[in-house]
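Below is one structure, written out as structure tokens, with a few remarks after it.
Source: prediction; values computed, not measured. Just so we're on the same page: letters track the sequence lines, and every chain starts at 1.
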Amino acid sequence: MLSIETIRNETDRVKKSIADRGLTGGIDRIIEMDLRRRELIAETDMLRARRNEVSGRLGRSKEKPPELISEMREVGSRIKQLEGDLRDVVAEYDSLLLDVPNIPEADVPVGDDDSHNIVVKTVGAPPDFSFDPKPHWELGESLDIIDFRRAVKLAGSRFYIFKGKGATLQRALITWLLDTHVSEFGMQELYVPHMVTREAATGSGQLPKFADTMYHDEEDDLWMIPTAEVPITNIHADEILEPGVLPLKYVAHSPSYRREKAAAGRDTRGIKRVHQFEKVEMFRFTEPEGSPAALNEMVADAEELCSRLGLHHRVLLQCTGDLGFASIKTYDIELWAPGSGDWLEVSSVSNCTDFQARPAKIRYRAEEGARPQLAHTLNGSGLGIPRTLIAIMENCQQADGSIVVPEVLRPYTGFDVIGPAS
RNA sequence: GGAGAGAUGGCAGAGCGGACGAAUGCGCCGGUCUCGAAAACCGGUAUGGGGGCAACCUCAUCGUGGGUUCGAAUCCCACUCUCUCCGCCA
């Protein structure tokens, strides 16, 4: 959520940023509602002040003049009426406000879609195969480490079963990632709920806009997380963090649940786009001055992980048309998958500034006794598991169809190769 | 799932229809005293909204949402959460 002050004082900049994203927004209507809102507040506050004053007097004196009491009765019902009006105005105002995206940073390229994202860095080179590399779905089935057919029987399309060394490889990857984040990158590990309340999903900006992308339990009104970002964002909701607490650097492994309705028919083979997948999520709470540097550090950490796995990758700066709703600037990290001939987004690192902190009321004091102000939040994958596994399988495949496990993972897997016999 | 108790400021805890945004204690900040510290004493110490260039004025908030009343932390209703006991359970 943007602040109303920003919308009021920098209306043109806000409008331009919405247009740059290829969206249209009800900014004028918001300003209108804001005006109406303040009028109503001023009027009710005046009446309430009058009522407080008279009631106070009435309480102190023995006399209870009936004409004053009946006047106050009227004032009371007028207040009630105005409160109803205000509620309606605020309801529309709030929902419009929640619909306004964050303002992209000045150096974010303007563009309609991901074809305008800018490659800022490429690391390594595609592997040099003396044979035709296979896509991971073929490798997975021939090595008997992924079972698509039976997963569909259990849960429908876009689900999968990892078997044997495939399942072990995934577990090894998750553990290695967490260990590296914790012991080398200085993050604190979290384990979080996989379902959250409506309020929490609203706090991180998922609801109401993206309701149809989430799985939802009607009975308890709980929402299955599409990313650990949702619960982590809300950890410090409604808190005022004491001086010196920031920055907070968290990492969490969790499953992510996504309907993928918008992508119906796309990437239907393999495990690139699925309804349930594991992810290791990086998350930081910082002071406003610290968020740009934190963004760079998080990108560097994610990249470092790709490098240590020995995977050819590139870093892209998202253009305005591709940029997430809450973000002012996002870098994507993509791994090359030679078997499917595709770049795979394994991390998307975003600076959300105070956009999530505002509705969630995540505040801090810069120093003892200072006025609370909004913290900044940043999130990014470190890394998305299935796509990283795709890259490992396709990059590390051998002529005989086996897969050589990246060296850093071997202490965790306990084997070096996934061969046909597994 | 059943029975009971509870939810008040950073913490502990009083208040149970009017002078209560809230006693008191602790903590924290500032001051006096001291070479310095401790103790003692004095003062200050919530968050958010609206108006104002500002000083400042004003409104709201005692778990949440309604209700009664001229007036609600206090009375009524619903909900949420926490704790204790019983049952069930990975």
Side-chain angles (χ1 to χ4, degrees), chain A residues 1-9 30-98 191-203 207 216-223 231 234-246 248 254-255 285 354-375:
Chain A
M1 196 166 89
L2 287 181
S3 78
I4 186 62
E5 286 78 17
T6 303
I7 291 174
R8 226 188 271 151
N9 302 331
I30 292 175
I31 290 175
E32 198 181 312
M33 289 289 101
D34 174 46
L35 224 60
R36 179 82 187 116
R37 181 181 71 95
R38 285 185 291 156
E39 274 168 21
L40 285 168
I41 288 171
E43 194 177 347
T44 40
D45 279 3
M46 254 170 53
L47 289 173
R48 278 202 271 245
R50 165 87 180 139
R51 181 175 68 183
N52 288 346
E53 192 259 323
V54 173
S55 295
R57 249 191 304 138
L58 239 38
R60 262 172 270 122
S61 76
K62 297 203 173 55
E63 326 242 316
K64 313 282 178 202
E67 65 276 9
L68 260 187
I69 289 188
S70 77
E71 187 203 331
M72 285 308 103
R73 215 188 304 248
E74 263 169 56
V75 167
S77 63
R78 177 74 184 138
I79 289 173
K80 207 153 281 179
Q81 187 191 334
L82 289 169
E83 279 171 347
D85 295 351
L86 185 62
R87 226 194 317 275
D88 294 344
V89 168
V90 167
E92 185 184 346
Y93 167 84
D94 277 346
S95 82
L96 286 170
L97 217 48
L98 285 171
Y191 174 83
V192 295
H194 299 168
M195 288 171 258
V196 297
T197 61
R198 176 179 293 274
E199 292 69 37
T202 306
L207 292 178
H216 177 220
D217 169 57
E218 294 281 342
E219 195 172 355
D220 296 314
D221 197 21
L222 287 173
W223 299 74
N234 286 283
I235 286 178
H236 298 292
D238 264 309
E239 290 185 18
I240 299 173
L241 302 165
E242 290 307 320
V245 172
L246 297 178
L248 287 165
S254 85
F285 296 88
D354 59 8
F355 192 85
Q356 297 177 316
R358 183 167 293 107
K361 298 191 182 67
I362 305 161
R363 293 159 297 172
Y364 77 99
R365 283 185 221 278
E367 49 198 87
E368 203 66 53
R371 247 215 317 291
Q373 51 184 314
L374 294 168

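The R365(A) side chain lies nearest to rU47(B) when the options are rU47(B), rC59(B), rC70(B). Considering only the side chain of R48(A), rC59(B) comes nearest among rG48(B), rC59(B), rG50(B). Among rG51(B), rG48(B), rG49(B), the nucleotide with an atom closest to any side-chain atom of I41(A) is rG49(B). In this structure, the nucleotide among rG48(B), rG50(B), rA19(B) sitting nearest to the side chain of R37(A) is rG50(B). Set against rG66(B), rC70(B), rG50(B), the side chain of R87(A) has rG66(B) as its closest nucleotide.
Across all strands shown, the partner of rG25(B) is rC11(B), judged by Watson-Crick or G-U wobble contacts whose two distances both fall under 3.5 Å. Shown here, rA3(B) forms a base pair with rU84(B); the pair counts as Watson-Crick or G-U wobble because both key distances fall under 3.5 Å. rA78(B) is paired with rU64(B) under the Watson-Crick or G-U wobble criterion, all donor-acceptor distances under 3.5 Å. Pair assignment for rA72(B) gives none, since no Watson-Crick or G-U wobble pairing has each distance under 3.5 Å. Summarising the base pairing, rC16(B) is matched to no nucleotide, lacking a Watson-Crick or G-U wobble pair whose two defining distances lie under 3.5 Å. The base-pairing partner of rA55(B), taking Watson-Crick or G-U wobble contacts with both distances under 3.5 Å, does not exist among the strands shown. The partner of rC33(B) cannot be assigned: no Watson-Crick or G-U wobble pair with both contacts below 3.5 Å exists in any strand.
Nearest heavy-atom pair across V89(A) and M33(A) is CG1-O, 3.6 Å. In plain terms, the two heavy atoms of L374(A) and Y364(A) that are nearest each other are O-CE2, 3.5 Å.
Atom C1' of nucleotide rG67(B) and atom CD of E83(A) are separated by 13 Å, given to the nearest angstrom. Distance, L47(A) CG to rG50(B) C1': 14 Å, rounded to whole Å. In this entry the distance linking CG of L374(A) with C1' of rU47(B) reads 13 Å, nearest Å. One atom, CZ of R51(A), and another, P of rC70(B), lie 11 Å apart when rounded to the nearest Å. Taking atom CG of residue L82(A) and atom P of nucleotide rG50(B), one finds them 17 Å apart after rounding to whole Å. Between K361(A) atom NZ and rU61(B) atom C1' there is a gap of 12 Å when expressed in whole angstrom units. When the C1' atom of rG49(B) is taken as reference, atom OH of Y93(A) falls 10 Å away, rounded to whole Å. As rounded to whole Å, 14 Å separates atom P of rG10(B) from atom CG of L241(A).
Residue R371(A) is out of contact with every strand shown, counting any heavy-atom pair closer than 4.0 Å. Among the protein residues, L68(A) comes within range of no part of the nucleic acid, since none of its heavy atoms lies under 4.0 Å from any strand. K80(A) comes within 4.0 angstrom of the backbone, heavy atoms only, and of no base.
Contact check for R50(A) versus M72(A): side-chain heavy atoms found under the 4.5 Å cut-off. Residues L207(A) and L98(A) have side chains not in contact (no heavy-atom distance under 4.5 Å, counting atoms from C-beta outward).
Distances shown here put a side-chain N or O of R73(A) below 4.0 Å from the OP1 or OP2 atom of rC70(B). Remark: R50(A) is not in phosphate contact with rC70(B), judged by side-chain N or O atoms under 4.0 Å from OP1 or OP2.
Checking side-chain atoms of R37(A) against main-chain N and O of V90(A) turns up no donor-acceptor pair under 3.5 Å. Proximity of a side-chain donor or acceptor of S95(A) to a complementary backbone N or O of E92(A) within less than 3.5 Å is detected.
When the C1' atom is used for both rC62(B) and rG6(B), the distance is 14 Å, rounded to whole Å. Nucleotides rG18(B) and rG1(B) place their P atoms 39 Å apart, quoted to the nearest Å. For the C1' atoms, the distance linking rA22(B) with rC16(B) amounts to 13 Å, nearest Å. A distance of about 15 Å separates the C1' atoms of rG27(B) and rA46(B), rounded to the whole Å. Of the P atoms belonging to rC29(B) and rA39(B), the separation is 12 Å, rounded to the nearest Å. Here the separation of rG67(B) from rU45(B), taken at their P atoms, is 34 Å to the nearest Å. Nucleotides rG17(B) and rG13(B) place their C1' atoms 22 Å apart, quoted to the nearest Å. If you take atom C1' in rA60(B) and the same atom in rG21(B), they sit 11 Å apart, rounded to whole Å.
Where G59(A) and E53(A) meet RNA chain B, the nucleotide closest to each residue was compared, and G59(A) sits on the side nearer the 5' end. Remark on RNA chain B: of its neighbouring residues A370(A) and S55(A), the 5'-side contact belongs to S55(A), judged by nearest-heavy-atom nucleotide.
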Evaluate R36(A) against E32(A) for salt bridge (charged side-chain N to carboxylate O under 4.0 Å, His left out), listing each step before the verdict. CA-CA 6 Å; R36(A) 179 82 187 116; E32(A) 198 181 312; over 6 Å; no
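One cannot find a donor-acceptor pair under 3.5 Å joining the base of rG71(B) and the side-chain atoms of N52(A).
No salt bridge links E83(A) with K80(A); every basic N to acidic carboxylate O contact stays at or beyond 4.0 Å.
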